Amino acid sequence: MMYRGDEEPGTRETLPKETGVTAKGSPGPASRREGATQPVVETAIACPINETLILILGSGAPMNGPQPLLLNGDPALPGKAPIVSWPLVDAKGRASHGFVALVFTGPLKGERLNAVTFRGQGRSVTYRLLPDLMRPAALAGALGDLAGPGMPAVVDAIIGMLSAGPMSRRKLAAMTAFVEAGAKADGFIEIIGAFEDGDVYLQGWSQEMSAGVSRVLIAGGTPQIAECTAAAFDRQDLNNNGKGFAALLVAPEPIDPFGMQRVYVRSRDGWRYADVYEQRLLASPRDTPGYARAILPKLRGSAEVIGRLREAAYRYEGLDTVSALALPVRMAIDHALRIEQGGLLISGWLLDPDHRVEAIKLRRRQASVDLKPIWSRIDRPDVTRAFDGKAPFLSQLDPDRHSHGFVAFIPDFDPDGSAPIYIEFAIPHAPPAYLPVVPKRVSYREAVTRQLKSISARATSVSELVERHLIPLVASAATKPAGVEGVEHVGTLVSGGADTTLVIGLDDQTTDVTTLVALMALDPQIRVAPIILAGPEQAIGELRGEIRRLAEFYGLSIDLVAVSAFSDVFDALIVGADVAKTDRVVLFSAALVPAERGWLGRLRSAHQEHDASVIISPALIYEDDSIRWAGYRLSDEESGLAENYVGYPAATLDSIGPSATPAANLECCILSKSAIAALGQDGHGYLGNREKGLDLALRLAKAGLKAWWLPGVRVLGAESPQDGVNAWEVHARSVDRAVFTARWAETIHAMVHSEAA
């Protein structure tokens, strides 16, 4: 900082008179001491622009261009400042020229700038800065008296200085103050039209505005520099005292059409401005192109200027213009799905047998994506049948070519969902055509399900669709952290000595929960344990009455936990565990069934033999008495993580003792409640539960939790996940496998090599 924020610049409006102050500060001309010439110290006025830039106004010999200098006269703080100087209107003494220098004070690191020493042109001159600071508007007023007829050139030079480097509101405000000091009124702005991209269309009248491309200053609530593309047209109502103009303003940041008050334009004889007319018409993005098209035939200007204004006149107006094309081109959107992170999955068809469309872009405010290079085409014979021989497709369509459909996933395209989305057609020798796109907000799982079910599962394009679009969609999905929507206690109060809570997790597919609870209630060890039943709010609401009756009948202590932002059974288990009042919890998916009594106590005893950094899972058995899960082993085959004994008879486990496993099975396990905190708030997207559960288990292992499995404790699982699935689920599982492999291949590879070593 050069000056403190509470240090108000003064209002001095004149150049300081030459003082002839010596280095010692004594008045009078320079003197000689001990035979050496003492450097003359002049005074100058400081005008802060922002925290690190200051304009210095002074007088002396002529100086122009970049000049080397020292900050505060310190040789360790050299710099270079752009300078503009001009002959003084009323020159006196040695000072024949006035000057303005823009000094960068960053090297001072917060110290105040008190003096600058210019060392150019073989001489050294020091200027001491007066303590009273000057505002840009006051400095601009002083320049008007000092520069006289040279004022426009001086202002242009200052604007050039301030335009270099990063822009800020304070810089823009200072530039506006200098321009305003000598600007002349020149017409009014009568129409202001806003475009979706943040640029603005202007229409009004002026006496001096010339056609072409130039830079202008916008004064108002938010000062801005913009590129102005302007063309003129005749206005008979002005009686030859002016002409109409139409202009397009484009700036790095969106322009606020409501806050515009005045536009400054550099003309042949200096700066001029057009004020916004009090009764101006403010057009919406839907209406603005119409105003631009209405005046387009009257405009005069270069081909470049007219071309830019013509493009503006045919901007998107929120209407479908593809369906009205006389050309044999049609398009429709089957679905546009907006995923949680702003990604867009779009599917539809394009019929363009003559290849009239040069480019197809998906657009939103200041963003566009060329669809042709990224979409995947799919066969749509129904489109061929629907349009064959019908206007405007009067010639017969190729009966062997049906690749009219398309699917595309565009990540991060619609981050806030606040701007209209549309498709733009670029057609040579014709205005662009538009098709509105109205996305529907869905979960990533719903998006993938809808897409897979919208096409034939056996279509040759499905594999490409999965690889190029669905896998990236799921991989980029980040689930919202699930939370507690509500907790309700039913049944009895648990005794204070309980140290283990049974957490039963439900999902949307869970059936017959009441039978599971009744079956568990037959186990004396479970009847005395606190139980948490967690799941989606709707499921909990439907079960509330029946679970209350079961709890009262069997004397159970049950907390019903409704889970918000619910995604799958693991959300229910993790949120339910967080509600538990004991540090030890048993996670149990409602899709499982206890195979025998006493299983809870055996898990608890095994966990008590270890510290809190251990997670233990039982073996899972199918109803046909074959093994579903019996731990994992690290292997160089497949993904590096293989399941033990899958499909073997359960009797295989009779001779096997407790074993370590690289990852536990979170469908049923016992662990410390505090260990679950290692999962954090970030979630990974999956379509099914298998890879999601393994992902969570590996995250616990990566956090240092040691996993074991107990062959002697067995729980019944559902049918084999490979049986009874349809083609859509096969594709969904291939997506999950690809996503899981991309996330964990490197970690598992390191685990394999670590074990081998």
Side-chain angles (χ1 to χ4, degrees), residues 196 316 318 320 322 331-350 360-365 367-380 382-383 404-424 434-457 459 461-480 508 536 565-568 571 683-688 692 726-736 738-739:
E196 292 288 358
Y316 177 61
D320 172 11
V322 177
M331 187 182 205
I333 302 299
D334 295 324
H335 59 244
L337 307 175
R338 184 181 183 275
I339 319 305
E340 288 91 337
Q341 300 303 306
L344 198 67
L345 179 67
I346 184 170
S347 176
W349 55 264
L350 167 68
I360 301 176
K361 292 185 178 181
L362 184 71
R363 301 184 65 100
R364 71 183 297 275
R365 181 183 301 143
S368 68
V369 174
D370 194 347
L371 287 177
K372 283 189 174 182
I374 65 171
W375 67 17
S376 294
R377 304 306 298 266
I378 57 178
D379 284 343
R380 289 292 299 270
D382 57 316
V383 175
H404 312 305
F406 66 85
V407 176
F409 172 64
I410 305 96
D412 302 322
F413 184 76
D414 190 23
D416 54 13
S418 62
I421 297 176
Y422 56 95
I423 293 176
E424 178 184 270
Y434 300 101
L435 185 69
V437 177
V438 183
K440 177 183 179 183
R441 294 174 182 262
V442 298
S443 69
Y444 69 93
R445 287 180 172 177
E446 183 180 350
V448 172
T449 301
R450 287 187 60 175
Q451 185 58 67
L452 285 174
K453 290 185 176 180
S454 68
I455 62 175
S456 171
S461 56
V462 172
S463 59
E464 180 189 356
L465 186 153
V466 169
E467 290 290 332
R468 293 188 62 194
H469 306 286
L470 300 188
I471 289 175
L473 187 157
V474 176
S476 64
T479 58
K480 296 180 180 178
D508 294 321
F566 176 87
S567 180
D568 50 46
D571 286 341
H684 290 158
Y686 290 96
L687 301 177
K692 170 71 175 288
N726 57 39
W728 321 119
E729 291 171 324
V730 171
H731 291 308
R733 286 175 180 171
S734 69
V735 171
D736 274 358
V739 172

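Note that this is a predicted model, so its numbers are computed, not measured.
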Peer 1: Which atom names give the shortest non-hydrogen contact between P436 and G318, and what distance separates them?
Peer 2: CG-O, 3.9 Å

Peer 1: Once you round to the nearest 0.5 Å, how far does CZ of R450 lie from CG of D334?
Peer 2: 10.0 Å

Peer 1: Do D568 and Y686 have side-chain heavy atoms sitting under 4.5 Å apart?
Peer 2: no

Peer 1: Over all heavy atoms of both residues, which pair between D571 and A565 is shortest? Give the atoms and the distance, please.
Peer 2: OD2-O, 3.9 Å

Peer 1: Does any N or O in the side chain of R377 come within less than 3.5 Å of the main-chain N or O of H404, such that one atom is a donor and the other an acceptor?
Peer 2: yes

Peer 1: The test is side chain to side chain contact (heavy atoms under 4.5 Å, CB included); show your working for I346 and V407 and say whether it passes.
Peer 2: CA-CA 6 Å; I346 184 170; V407 176; over 6 Å; no

Peer 1: Kindly determine whether H731 and S463 satisfy side chain to side chain contact (heavy atoms under 4.5 Å, CB included), including the steps that lead there.
Peer 2: CA-CA 8 Å; H731 291 308; S463 59; over 6 Å; no

Peer 1: Distance check, rounded to the nearest 0.5 Å: L350 atom CG versus L371 atom CG?
Peer 2: 10.0 Å

Peer 1: Any salt bridge linking E424 with K361? Criterion: basic side-chain nitrogen under 4.0 Å from a carboxylate oxygen.
Peer 2: no

Peer 1: Any side-chain heavy atom of E446 sitting closer than 4.5 Å to one from R441?
Peer 2: no

Peer 1: Once side-chain hydrogen bond (donor to acceptor under 3.5 Å, both in side chains) is applied, do any residues pair with D412, and if so which ones, sequence neighbours excluded?
Peer 2: none

Peer 1: Nearest heavy-atom pair of I378 and S461: which atoms, and what distance?
Peer 2: CG2-OG, 3.1 Å

Peer 1: With Y434, which residues qualify under ring pair (Phe, Tyr, Trp, His ring centres under 6.0 Å), at least two apart?
Peer 2: Y316, Y422

Peer 1: Do L344 and I339 come close enough that some side-chain heavy atom pair is under 4.5 Å?
Peer 2: no

Peer 1: Could you tell me the separation between the OH atom of Y444 and the CZ atom of F409, rounded to the nearest 0.5 Å?
Peer 2: 12.5 Å

Peer 1: Can we say D414 and R365 salt-bridge, meaning some charged N sits less than 4.0 Å from an Asp/Glu carboxylate O?
Peer 2: no

Peer 1: Side-chain donor-acceptor pair under 3.5 Å between S376 and H469, yes or no?
Peer 2: yes

Peer 1: Report, as yes or no, whether the 6.0 Å neighbourhood of atom NZ on K372 holds more than 12 heavy atoms from other residues, nucleotides or ligands.
Peer 2: yes

Peer 1: Taking the side chain from D370 and the backbone from P373, do they hold a donor-acceptor pair closer than 3.5 Å?
Peer 2: no

Peer 1: I need the S734 OG to E467 CD distance, nearest 0.5 Å.
Peer 2: 7.5 Å

Peer 1: Would F566 and D508 count as a side chain to side chain contact (heavy atoms under 4.5 Å, CB included) if you check the C-alpha gap in whole Å, the side-chain angles of each, and the deciding distance to 0.1 Å?
Peer 2: CA-CA 10 Å; F566 176 87; D508 294 321; 4.0 Å; yes

Peer 1: Supply the atom-to-atom distance S347 OG to L337 CG, rounded to the nearest 0.5 angstrom.
Peer 2: 8.5 Å

Peer 1: Whether the side chain of R364 engages the backbone of E196 through a donor-acceptor N/O pair (distance < 3.5 Å, no angle test) should be reported.
Peer 2: no

Peer 1: F413 and I410: which non-hydrogen atoms are nearest, and at how many Å?
Peer 2: CB-CG2, 3.6 Å

Peer 1: Between I423 and I333, is the side chain to side chain contact (heavy atoms under 4.5 Å, CB included) condition met? List the steps.
Peer 2: CA-CA 10 Å; I423 293 176; I333 302 299; 3.7 Å; yes

Peer 1: What is the distance from atom CD1 of I455 to atom CG of L465, rounded to the nearest 0.5 Å?
Peer 2: 5.0 Å

Peer 1: side-chain hydrogen bond (donor to acceptor under 3.5 Å, both in side chains), that's the test. Do Q451 and S454 meet it? Break it down for me.
Peer 2: CA-CA 5 Å; Q451 185 58 67; S454 68; 3.1 Å; yes

Peer 1: Over all heavy atoms of both residues, which pair between A447 and L345 is shortest? Give the atoms and the distance, please.
Peer 2: O-CD2, 3.8 Å

Peer 1: Counting N and O atoms only, with roles assigned by atom type, does the side chain of R733 sit under 3.5 Å from a partner on the main chain of G688, one being a donor and the other an acceptor?
Peer 2: no

Peer 1: Which atom names give the shortest non-hydrogen contact between V437 and A336, and what distance separates them?
Peer 2: CG1-CB, 3.5 Å

Peer 1: Salt bridge or not for K692 and D736, using N-O below 4.0 Å?
Peer 2: no

